[in-house]
Amino acid sequence: MNEQASSNLGYHDFLAANRGGNLYTQIVSQRLGAILALTGYRLGLAPTALTLVNLVFGLGAAALIVIVTPSALAGSMPWWPFAIVAAVAWQIAYALDCADGQLARAADRGSPAGARIDILCDVVTQSSFVAAVVAVAVAYTPDVPMWFVGLFSSLWMVNLVTSILATSGSNSSIVPSKNLVVELIKLIRDSGVIVLAMPLILIVQPQWMVWFMVFFTVTNGLFLLASITFTARDALAVTSSPVGE
């Protein structure tokens, strides 16, 4: 990209550089990400700067939930103001996660090191989110077995692993249909929806957090099984094809 073309980049250029996603991500997070990418571009920021700010917001939201949990459980303070702050912080963090890639691609500011730090920060923010969920669930439901906590935490990373694979060009959605009903069902795996649902549970009924864990343990487990099945089918189809066909 030449310097003159780069200097004329606008909101729609960054939005066009997004990597897609499920319905909420496309309608909300990628659009907010384009605004943040444009802002970063005009400030002369590297994509990694947006990645690191994303890390600060994601970790900050999770830390807030973990710190507040004992007091909220004791009834000495309400959940709603902290849940709202965490919800906003996680939405900004996810939009920044969309924005760093848009900035890298549209403004040609990407680098292999930047791609690696993006993945590492995703791992940290996802892990901190899981820690916040577990902290609330265990506080309100102390008899949650540790094996289940481990299973939930492990399977949660399926979301991150499959997202990374999807950027390699060798992986595609298991259900590629753009039918509205299908898109609505796929919202259960949309990161923007997930980080909004968790704070809403805190406001409505924090005792339900253990069921949040149950739901996503089952969902992610089924998705992992489906991913293995579909990928194995495609791999076997390639290896069983006659040579030269």
Side-chain angles (χ1 to χ4, degrees), residues 24-25 28-29 32-33 36 40 48-100 117-161 163 188-220:
Y24 182 93
T25 292
V28 179
S29 305
L32 181 55
L36 295 171
T48 297
L50 301 185
T51 303
L52 294 176
V53 177
N54 155 27
L55 179 64
V56 171
F57 273 95
L59 280 177
L64 176 65
I65 296 302
V66 172
I67 291 170
V68 168
T69 295
S71 298
L73 177 64
S76 59
M77 59 178 61
W79 261 121
W80 68 266
F82 302 101
I84 290 174
V85 170
V88 172
W90 272 319
Q91 290 297 314
I92 294 173
Y94 184 49
L96 284 164
D97 191 33
C98 297
D100 57 10
I117 194 66
D118 184 35
I119 293 172
L120 292 172
C121 287
D122 282 346
V123 170
V124 174
T125 53
Q126 290 277 344
S127 299
S128 68
F129 181 80
V130 167
V133 170
V134 170
V136 175
V138 172
Y140 283 89
T141 313
D143 57 347
V144 174
M146 288 301 101
W147 66 262
F148 175 66
V149 172
L151 183 63
F152 163 74
S153 303
S154 300
L155 289 176
W156 185 271
M157 300 313 290
V158 170
N159 282 317
L160 181 58
V161 170
S163 295
I188 63 174
R189 283 182 45 80
D190 192 309
S191 295
V193 172
I194 292 170
V195 296
L196 181 61
M198 190 274 204
L200 288 177
I201 292 174
L202 292 177
I203 295 172
V204 175
Q205 197 65 262
Q207 291 88 344
W208 294 349
M209 195 61 68
V210 68
W211 293 108
F212 180 96
M213 291 177 62
V214 170
F215 177 81
F216 279 104
T217 298
V218 173
T219 299
N220 290 334

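- Contact record, Ala86 with Ala61: O-CB, 3.8 Å, taken as the closest heavy-atom pair.
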Show, in sequence, the C-alpha distance, side-chain angles and deciding distance for Phe215 and Ile188, and conclude whether the side-chain contact (heavy atoms from CB on, under 4.5 Å) test is met. CA-CA 10 Å; Phe215 177 81; Ile188 63 174; 4.0 Å; yes
From CA spacing to verdict: side-chain contact (heavy atoms from CB on, under 4.5 Å), Val133, Phe129: CA-CA 6 Å; Val133 170; Phe129 181 80; 3.8 Å; yes
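- The 12-atom threshold is exceeded at OH of Tyr24, counting heavy atoms of other residues, nucleotides or ligands nearer than 6.0 Å.
- With rounding to the nearest 0.5 Å, the separation of CG in Leu151 from CE in Met213 is 9.0 Å.
- When atom types are taken as modelled, the side chain of Gln207 and the backbone of Thr141 share no donor-acceptor pair closer than 3.5 angstrom.
- In terms of heavy-atom proximity, Gln126 sits nearest to Ser191 at NE2-OG, 4.5 Å.
- Between Asp122 atom CG and Leu55 atom CG the span is 9.5 Å, to the nearest 0.5 Å.
- Side chain of Ser153 to main chain of Gly150: no donor-acceptor pair is present (N/O by atom type, distance under 3.5 Å, no hydrogens or angles).
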Please step through ring-ring contact (aromatic ring centres under 6.0 Å, His included) for the pair Phe152 and Trp156, ending with a clear verdict. CA-CA 6 Å; Phe152 163 74; Trp156 185 271; 5.6 Å; yes
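- Heavy-atom minimum distance, Tyr94 versus Gly192: CE2-N, 3.5 Å.
- With rounding to the nearest 0.5 Å, the separation of CG in Leu202 from CE in Met209 is 4.0 Å.
- Judged by distance alone, the side chain of Ser71 and the main-chain N or O of Ser76 form no donor-acceptor pair under 3.5 Å.
- Side chain of Asp100 to main chain of Leu50: no donor-acceptor pair is present (N/O by atom type, distance under 3.5 Å, no hydrogens or angles).
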Can Val214 and Phe148 be said to form a side-chain contact (heavy atoms from CB on, under 4.5 Å), step by step? CA-CA 9 Å; Val214 170; Phe148 175 66; 3.7 Å; yes
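- Inter-residue side-chain proximity for Leu52 and Val56 is flagged as unmet; no heavy-atom pair is nearer than 4.5 Å.
- The distance from atom CG of Leu59 to atom SG of Cys121, rounded to the nearest 0.5 Å, is 8.5 Å.
- Nearest approach of Trp90 to Gly58, heavy atoms of both residues: NE1-O, 3.5 Å.
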Let me see the working for Trp79 and Val68 under side-chain contact (heavy atoms from CB on, under 4.5 Å), right down to the final yes or no. CA-CA 8 Å; Trp79 261 121; Val68 168; 3.8 Å; yes
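- Between atom CG of residue Leu32 and atom CD of residue Gln91 there is a gap of 8.5 Å, rounded to the nearest 0.5 Å.
- Taking the six-membered ring wherever Trp is involved, the centroid distance between the rings of Trp208 and Phe212 does not fall below 6.0 Å.
- Residue Leu96 holds its CG atom at 8.5 Å from OG1 of Thr51, rounded to the nearest 0.5 Å.
- When all heavy atoms of Ala135 and Val66 are compared, the closest pair comes out as CB-CG2, 4.1 Å.
- Nearest heavy-atom pair across Ala99 and Leu36 is CB-CB, 3.9 Å.
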